[in-house]
Amino acid sequence: MTLQKDRLFLVLTALLGLTLVSWLASSSLGLGRQTLGVSVLVLAFVKVRLIIVYYMEASTVCRPIRVGLEGWVFGVAGATIALYLL
Amino acid sequence: MNAADDNLLEQRSPVEVGVWIFILADMCVFAMYFGVFAWDKHLHPEQFVQGQATLNNGFGALNTIVLLISSYFMASAVHAARAQKIEVYARLIRLTIVCGSAFLVVKTAEYTEKISAGFHIASNEFYRNYFSFTGFHMVHVIVGLSFVTYLLFSIRTSEQVRANASFIEGVGLYWHMVDLLWVVLFSLIYLVP
Amino acid sequence: MFKTYDRKSLVMIAGISMLITAVFYVGGMFVISGFLPPPSPGLSETEVVNLYRENHLSIITGLTIAFVGIGFMLPLCIVGSVFMAEVEADDGFPFFSVMQGLCAVVTVLFTAFPTFVWMAAAFRVERSPELIVMMHDLGWIMWATPSWGFAFQGICVGVVGLKDRRPKPFIPRWMSYLALWLAAGMTATPLVPFFTSSGPFAWDGLFSFWVAFFSPIGWNTILFLLIINNIRNGQQELVEA
């Protein structure tokens, strides 16, 4: 139980950290426009996957749903980044 | 029971498959929102740059933080409910509601600011997407918050928690979905240049 | 407790009505009148008037067939209410079943009214173009915007489906969740009157038309397949989980 709770808190720290990184990157880092855009989107979908895996506990789900969730994350991430890079 | 059945039991989620199908279907609608936003951004780049510059990143970031924390509380509440720690569960549910309400307060302040600055849903493509997509997301927050509030008031004793275990899990899932959709919306609307 | 009639005939009524609605509405709206997929709200006055002048006869024919077809949604939805009422029988007044039936009437009316408005626009095509455009807009706003009748139907079916704790519920539980999702998918339609040109929320848009129109059709198609499967297996229930 405590292990579980520690892990949940660790994930929260990671999520907040990633939010901070993408916020700082977009406001102060001197990255190129497209590089910055793609990295912010990639970070967002990393966060999404963290939430799905650790908070929604996707590992306990039956296989088709798990495939659907992973497909959503990678498919939507790919499609959004592709549309952004057009 | 043979080994295959064992395996099946381990893999099975305590939540009904239907809840997952609902959540996946809802996520697919939002995937279309993301696609429409990115496509419109491609068609009207200047309008989107100008529109994004008028947004207040502070509001967006604050809401992201608030929602991420609320998701943590919700996940912990579900774990507490599984462990039958009713006191902890009730406290975490209350914290979730506080965070969710904070999100709505910030959102209202943000909308008020935008509307009093003269922007509205039909101003241009950027504002159409901004108001409609964040608005639909806000409706999801309100629905989720209603379910969490229902948990607080109607599922409070350990018998009720045990009898409604899968309902609690389902509400938790819905709340996490609301959270993860906002994570993408925040990055896409506020941050991506 | 409602003791229903012969279930088999009810299931047949539902299946046949569903088929007639689909064939007549799709035939009338998509094939003959060409009103679906909807014309863009961004069409100019001349374009709208030409649409009616050039397709005068096919528009009136198609719309007539479509509104006849829409009427067959009523038996279908009321059969749904009959099966729902059995679930609710122990709770006293079958609120959700009655609500679903009444909302079906609303859905049917708001789908049928616009066809008459467009028919009126096509009725005297030589009249002032402004009036034709006005009728055209009125019809489309009326067709695309009101979604609560249908959304409430979805909610009622979903709620009763989830309340159904029998070993063989009247629809599979995942269909109930999908019904609730259908209701949620309708939330975009009230935005229709804001957009006069185009875009995803205009009346021919991705969310107002393609999602809001085809997701219920998808759900009903699944239901139809389940019913067919059931009739073939000689089941007495509407569908088997």
Side-chain angles (χ1 to χ4, degrees), chain A residues 1 4-5 7-9 11-13 15-16 18-20 22-23 25-27 31-52 54-66 68-69 71-73 75-77 79-86, chain B residues 8 10-15 17 19-21 23-25 27-28 30-32 34-43 49 57-58 60-61 64-65 68-69 71-76 78-80 82-83 85 88 169 172-173 175-177 179-181 183-188 190-193:
Chain A
M1 176 67 196
Q4 274 290 351
K5 287 211 77 165
R7 199 168 64 181
L8 292 181
F9 189 74
V11 173
L12 174 67
T13 326
L15 289 169
L16 292 176
L18 289 177
T19 309
L20 195 69
S22 49
W23 193 24
S26 69
S27 57
L31 287 175
R33 195 188 76 93
Q34 291 210 323
T35 327
L36 178 59
V38 172
S39 23
V40 166
L41 284 175
V42 168
L43 283 182
F45 282 99
V46 169
K47 287 197 285 184
V48 166
R49 193 156 183 282
L50 281 179
I51 295 172
I52 289 181
Y54 292 102
Y55 285 176
M56 297 172 108
E57 295 170 65
S59 54
T60 63
V61 188
C62 66
R63 202 167 176 79
I65 299 285
R66 178 75 202 249
L69 287 168
W72 190 92
V73 173
V76 175
T80 313
I81 291 172
L83 280 172
Y84 173 68
L85 287 177
L86 271 181
Chain B
L8 205 71
E10 259 175 33
Q11 283 195 342
R12 199 159 63 191
S13 157
V15 186
V17 177
V19 176
W20 280 104
I21 292 179
I23 281 174
L24 260 177
M27 281 165 69
C28 288
F30 270 85
M32 284 193 263
F34 306 152
V36 165
F37 191 92
W39 177 247
D40 278 341
K41 193 182 174 88
H42 167 65
L43 292 182
V49 170
N57 275 5
T64 311
I65 292 167
L68 286 175
I69 294 175
S71 222
Y72 165 71
F73 286 145
M74 190 71 224
S76 309
V78 170
H79 280 285
R82 282 181 203 160
K85 295 184 175 167
V88 184
E169 301 268 351
L173 285 183
W175 192 253
H176 296 315
M177 178 199 72
D179 182 28
L180 73 86
L181 293 175
V183 165
V184 182
L185 279 178
F186 170 63
S187 303
L188 200 59
Y190 294 77
L191 294 184
V192 168

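Computed over heavy atoms, backbone and side chain alike; hydrogens, waters and symmetry mates excluded. Reminder, nothing fancy here: chain letters follow the sequence lines and each chain counts from 1.
Heavy-atom distances place the side chain of A:Phe45, and not its backbone, under 4.5 Å from chain B. Looking at B:Met74, there are no atoms closer than 4.5 Å to chain A (heavy atoms on both sides), in backbone or side chain. Heavy atoms of B:Ser71 lying under 4.5 Å from chain A belong to its backbone as well as its side chain. Looking at A:Ile51, only its side chain comes within 4.5 Å of chain B, counting heavy atoms on both sides. In this structure, the portions of B:Ile69 lying under 4.5 Å from any heavy atom of chain A include both its backbone and its side chain. Looking at A:Leu12, only its side chain comes within 4.5 Å of chain B, counting heavy atoms on both sides. Only the side chain of B:His42 comes within contact range of chain A, with at least one heavy atom under 4.5 Å from a heavy atom of that chain. With a 4.5 Å cut-off on non-hydrogen atoms, A:Thr19 touches chain B through its side chain but not through its backbone.
Here CG of B:Leu180 is found 12.0 Å from OH of A:Tyr55. Values are rounded to the nearest 0.5 Å. To the nearest 0.5 angstrom, B:Phe37 atom CZ is 11.5 Å from A:Thr80 atom OG1.
Contact detail for B:Pro193 and A:Gly37: the closest heavy-atom pair is CD-CA, 3.6 Å. The two atoms that bring A:Val40 and B:Ser187 nearest to each other are CG1-CB, 3.8 Å, heavy atoms only. The shortest non-hydrogen separation linking B:Ala31 to A:Val76 is CB-CG2, 3.6 Å. When all heavy atoms of A:Cys62 and B:Val17 are compared, the closest pair comes out as SG-CG2, 4.4 Å. For A:Leu83 against B:Gly35, the heavy-atom pair with the smallest separation is CD1-O, 3.5 Å.
Checked against side-chain contact (heavy atoms from CB on, under 4.5 Å), B:Ala61 has the following partners two or more places apart in sequence or in another chain: A:Trp23, B:Phe186. Taking the side-chain contact (heavy atoms from CB on, under 4.5 Å) definition, one finds that A:Leu18 meets it with A:Leu43, A:Val46, A:Lys47, A:Leu50, sequence neighbours left out.
A:Trp72 places a side-chain N or O within donor-acceptor distance of the main-chain N or O of B:Met27, the cut-off being under 3.5 Å.
Here B:Ala38 is the residue among B:Ala38, B:Gly172, B:Gly60 with the most heavy-atom pairs under 4.5 Å with chain A. Annotation: maximal heavy-atom pairing with chain B below 4.5 Å, among A:Ile81, A:Leu69, A:Leu20, A:Leu85, occurs at A:Leu69.
Taking the six-membered ring where the residue is Trp, B:Tyr72 and A:Phe9 present perpendicular rings, their angle passing 60° and hence far from 30°.
At a threshold of 4.5 Å between non-hydrogen side-chain atoms, the residues A:Glu57 and B:His79 count as touching.
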- [ ] Decide yes or no on side chain to side chain contact (heavy atoms under 4.5 Å, CB included) for B:Ile21 and A:Ile65, but give the supporting numbers first.
- [x] CA-CA 8 Å; B:Ile21 292 179; A:Ile65 299 285; 4.2 Å; yes

